**Q** 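Sending over a structure as structure tokens; questions will come in a sec.
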Amino acid sequence: GTPAPQLFDAIARESVQRIGSLNGQDLSNIVWAYATLGVRAPQLFDAIACESEQRIGSFKPQELANTAWAFATLGTPAPQLFDAIARESVQRIGSLNGQDLSNIVWAYATLGVRAPQLFDAIACESEQRIG
């Protein structure tokens, strides 16, 4: 079962209430922690998806990758968020490191999200870095 379910429920409730005051790192860290421990919190993930989508431009590269990874790890589709992550990742492809790129590709593949422009940009960026 969930480690300390009451604690995770309380964190989820409080996070949803304070969602507007959380920054990209906060949002990313919360979903990463839940996913790492396999804790499902649908209302929290819905709120974070919506808030993250609105503020995706302020996310650092690792926050983009970790957010995508967390949603995919728990099998939680968030189409609008993934569209926003794809757009932002394409715009900032050069600032994403190898781990970011691989986590993003894995997340999209795991959820079966089609993002041809993102995959093309990652392929081109990877080719440049390799050769």
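Just so you know, residue 1 is the first one in the sequence shown, and it goes up from there. Remember, predicted model here, so these are calculated numbers, not experimental data. Keep in mind that the numbers below use all heavy atoms, side chains included, and drop hydrogens, waters and symmetry copies.
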**Q** Return the minimal non-hydrogen interatomic distance between Ala12 and Ala41, and the atom names on each side.
**A** CB-CB, 4.4 Å

**Q** On a heavy-atom basis, which atom in Gln43 and which in Val16 lie closest, and how many Å separate them?
**A** O-CG2, 4.1 Å

**Q** What distance separates Ser52 OG from Glu63 CD, expressed to the nearest 0.5 Å?
**A** 9.5 Å

**Q** Please round to the nearest 0.5 Å and tell me the distance separating atom CD of Glu127 and atom CZ of Arg129.
**A** 13.0 Å

**Q** Working to the nearest 0.5 Å, report the span between CD of Glu125 and CZ of Arg92.
**A** 13.5 Å

**Q** Do the non-hydrogen side-chain atoms of Arg87 and Ile56 ever get within less than 4.5 Å of each other?
**A** no

**Q** If I take atom CG from residue Leu96 and atom CD1 from residue Ile122, how far apart are they, to the nearest 0.5 angstrom?
**A** 7.5 Å

**Q** Within the structure provided, determine whether Leu64 and Glu88 are in side-chain contact (heavy-atom separation under 4.5 Å).
**A** yes

**Q** In Å and rounded to the nearest 0.5 Å, what is the CD1 to CG distance from Ile11 to Leu44?
**A** 9.5 Å

**Q** Does the Asp100 side chain pair with the main chain of Asn97, one donor and one acceptor, at a distance under 3.5 Å?
**A** yes

**Q** Do any N or O atoms from the side chain of Ser102 and from the backbone of Gly98 form a donor-acceptor pair under 3.5 angstrom?
**A** yes

**Q** Measure the shortest side-chain to side-chain distance between Phe59 and Leu27 over non-hydrogen atoms and say whether it is less than 4.5 angstrom.
**A** yes

**Q** Closest approach of Ala107 and Phe82, non-hydrogen atoms and distance?
**A** CB-CE2, 4.2 Å

**Q** Kindly work out whether a path of hydrophobic side-chain contacts (I/L/V/M/F/W/Y, heavy atoms less than 4.5 Å apart) joins Ile19 to Trp32.
**A** no

**Q** Going by side chain to side chain contact (heavy atoms under 4.5 Å, CB included), Tyr108 matches just one of Leu111, Thr110, Ile104, Val105. Which one?
**A** Ile104

**Q** Okay, side chain of Arg40, backbone of Leu74: is any donor-acceptor separation there less than 3.5 Å?
**A** yes

